Amino acid sequence: MNLEEFYGRLVTWPKARECPEGTVAMPSLLKGRCGRCGGRTRATLPGKQSYCLDCLTIGRVSTLDKLLTVPEPNDFETVGTMHWNGQLTAKQEKISCQLIKNYSEGVDQLLWAVTGAGKTEMLFPLIGQSLKRGLRVGFVSTRVDVVLELAPRIQAAFSVSLQVLYGEQEEPYRYSQLVLGTVHQLLRFYQAFDLLIIDEVDAFPYRGNRLLERAVRRSVKSSGHLVMLTATPSKRLLDKVKERGGRLLMLPERFHGQHLPEITLHVHANWEKRFSRRLKQLLLGFERQELPFIIFVPKVRHLIPVFRHVTAMVPSNGTTVHANDPDRLKKVADMRAGHYRYLVSTTILERGVTLPKLQVVILGADDSTFTKEALLQMAGRVGRSRVATEGVVFAVASGPARTIRAAQKEIRLLNEKAGMD
């Protein structure tokens with residue numbers, strides 16, 4: 001292996017094999033904890049050996065192994081530069097400058113910005129400045145869909161060696177100044193990043209996951225700092241940032257200056273068996289206007305029955321999608337390319353999908369699957385484009401559930417705050 005592959009990494013290495021010169025060896029098990037993830041759940045092997053079950057999804061590490069690393073040297077062939085020539089709004093520019101100032105003052109920070117606020121673009125100046133200084137930058141998200149949506153935008157904005165890391169990829173690891181990936185990939189890094197950006201810190205699987213929180217902290221250098229992003233922060237997250245001396249930045253306005261779309265509640269308890277006349281008229285209207293739409297359902301078992309209802313009335317192409325669908329990424333790409341007019345989806349598409357003129361229907365919006373944060377994210381899929389700043393968010397439920405009311409209230413409050421700023 002090239003020594004570069006150990007820079008700021010934790011590489012599993014057999015104890016019986018000689019270590020490459022220049023690497024530092026770390027134990028794979030220390031005081032009952034996995035040396036890579038810190039987990040305690042073990043499975044036994046012959047000869048009183050064992051391996052970690054908590055991080056098995058990214059490869060097995062056992063007591064027959066050690067972990068090798070090389071301290072991150074920031075040894076890049078060429079230093080990255082930014083060539084993004086987009087224009088930030090005055091409010092985005094203010095946030096962007098504050099991000100740079102806070103980072104230079106050595107503090108972690110949380111950016112709370114509504115869906116469609118342009119969080120990624122606001123980060124570009126900070127990323128560009130960090131790359132120019134020869135620093136190593138990581139940008140991680142909770143879902144591969146988001147990573148794949150971000151990758152071409154980030155690659156287009158920076159002249160830099162970029163590595164995209166996620167579970168299903170086939171491309172081998174290579175050393176790079178800018179790393180984009182899913183949050184689980186941080187389990188393979190050790191004191192690597194001068195700047196680490198974590199998108200959607202409120203979302204599963206990161207939210208409340210101590211293993212991943214530990215991976216985040218270990219992957220950042222002692223001199224490095226975090227920028228966390230969210231559109232739907234929990235009180236726990238806000239309190240934690242305050243307790244740790246971090247700084248909160250907030251932007252309640254979308255990049256085009258228009259408000260978040262409000263959720264319209266339609267009471268119809270029997271939606272699983274038949275669509276109401278109002279819902280049928282709405283879907284037929286989307287069809288006539290050639291508008292793309294997503295129908296969210298609470299459970300996988302709802303996908304096929306709902307899809308059949310839609311195909312019986314809408315002639316355009318559509319399909320279903322869920323977390324374990326092997327063709328999920330292709331279906332979303334086909335939707336973006338215009339091959340599908342609509343998708344019937346579980347909550348897997350509540351984040352990371354940006355389509356002009358997209359409309360949203362939420363069936364069973366009072367189901368416990370749909371938290372307030374999930375409803376806000378689904379509503380946030382609508383009106384994200386300059387050419388279509390408005391749209392429909394239509395929630396069908398048996399009644400005005402607490403989560404629906406909470407989501408409606410937060411949208412109104414954010415819109416009011418955006419109007420006052």
Side-chain angles (χ1 to χ4, degrees), residues 7-8 72-113 116-141 146-165 174-183 185-186 189 191-201 216 219-221 223-231 246-251 253-256 352 354 386:
Y7 290 173
E72 174 59 54
N74 294 56
D75 184 20
F76 313 115
E77 287 187 9
T78 57
V79 172
T81 57
M82 184 175 78
H83 51 81
W84 181 69
N85 55 9
Q87 185 67 45
L88 297 176
T89 67
K91 293 178 181 179
Q92 287 178 321
E93 180 71 29
K94 182 179 178 181
I95 294 289
S96 185
C97 291
Q98 193 63 50
L99 286 166
I100 293 173
K101 180 176 182 292
N102 289 343
Y103 181 78
S104 67
E105 293 176 358
V107 294
D108 293 344
Q109 45 195 323
L110 172 67
L111 172 56
W112 175 8
K119 291 188 287 290
T120 304
E121 286 72 19
M122 283 185 278
L123 287 161
F124 280 175
L126 174 60
I127 294 173
Q129 186 180 98
S130 300
L131 295 176
K132 188 176 180 179
R133 290 172 55 198
L135 304 180
R136 197 174 191 193
V137 178
F139 196 137
V140 297
S141 182
V146 178
V147 170
L148 295 179
E149 194 270 335
L150 284 173
R153 292 164 58 191
I154 291 178
Q155 186 66 81
F158 301 97
S159 296
V160 65
S161 54
L162 173 66
Q163 172 84 77
V164 181
L165 300 174
R174 54 183 172 76
Y175 181 58
S176 60
Q177 187 181 8
L178 180 56
V179 175
L180 175 63
T182 53
V183 68
Q185 294 298 317
L186 293 180
F189 287 90
Q191 297 183 6
F193 301 111
D194 302 283
L195 168 63
L196 180 61
I197 300 163
I198 314 172
D199 195 13
E200 301 176 327
V201 289
V216 164
S219 66
V220 180
K221 293 181 183 179
S223 58
H225 300 288
L226 295 174
V227 175
M228 297 167 285
L229 311 177
T230 182
R247 293 180 186 169
L248 173 66
L249 304 176
M250 184 178 183
L251 182 58
E253 183 179 290
R254 296 185 135 188
F255 78 95
H256 48 55
T354 301
R386 286 188 188 276

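If you're wondering where the values come from, they're calculated on a predicted model, not measured in any experiment. Just so you know, residue 1 is the first one in the sequence shown, and it goes up from there.
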Fill in: Working for side-chain contact (heavy atoms from CB on, under 4.5 Å), residues Ile197 and Leu126
CA-CA 11 Å; Ile197 300 163; Leu126 174 60; 5.5 Å; no
Response to the item:
With sequence neighbours left out, the residues meeting side-chain hydrogen bond (donor to acceptor under 3.5 Å, both in side chains) with Glu149 are Arg153
Practice prompt. Please name the residue in the list Val227, Leu131, Leu135, Leu123 that meets the side-chain contact (heavy atoms from CB on, under 4.5 Å) test with Leu195.
Written response: Val227
Worksheet item: Is the backbone N or O of Leu226 less than 3.5 Å from a side-chain atom of Asp108, with the two atoms forming a donor-acceptor pair by type?
Response: yes
Fill in: Which residues share a ring pair (Phe, Tyr, Trp, His ring centres under 6.0 Å) with Phe124, sequence neighbours left out
Trp84, Phe158
Worksheet item: Of all residues at least two apart in sequence or in a different chain, which pass the salt bridge (charged side-chain N to carboxylate O under 4.0 Å, His left out) check with Glu77?
Response: none
Worksheet item: Where is the tightest heavy-atom contact between Lys119 and Thr230, given as atom of each residue plus distance?
Response: CD-O, 4.3 Å
Worksheet entry | Nearest heavy atoms of Ala151 and Val164, plus distance in Å | CB-CG2, 4.1 Å
Fill in: For Ser159, all residues meeting side-chain hydrogen bond (donor to acceptor under 3.5 Å, both in side chains), sequence neighbours excluded
His83
Discussion item. Are Ile100 and Pro125 packed together at the side-chain level, in the sense that at least one heavy-atom pair is separated by less than 4.5 angstrom?
Written reply: yes
Worksheet item: Is there a side-chain contact (heavy atoms from CB on, under 4.5 Å) between Ile127 and Ile154 once you walk through the steps?
Response: CA-CA 10 Å; Ile127 294 173; Ile154 291 178; 5.6 Å; no
Discussion item. Using every non-hydrogen atom in the two residues, find where Ser161 and Gln177 come nearest and quote the distance to one decimal.
Written reply: OG-N, 3.0 Å
Worksheet item: So, are Lys91 and Glu253 salt-bridged, with charged N and O less than 4.0 Å apart?
Response: yes
Fill in: Nearest non-hydrogen partners of Gly134 and Val79, listed with the distance
N-CG1, 3.9 Å
Discussion item. Main chain of Met122, side chain of Ser96: is a donor-acceptor contact present, judged purely on distance under 3.5 Å?
Written reply: yes
Worksheet entry | ring pair (Phe, Tyr, Trp, His ring centres under 6.0 Å) partners of Phe193, counting only residues at least two apart | Phe189
Fill in: ring pair (Phe, Tyr, Trp, His ring centres under 6.0 Å) partners for Tyr175, two or more places apart
Tyr7, Phe76
Fill in: Close side-chain approach of Leu88 and Lys94, heavy atoms under 4.5 Å
no
Worksheet entry | Validation row: Gln98, Gln109 side chains within 4.5 angstrom (heavy atoms) | no
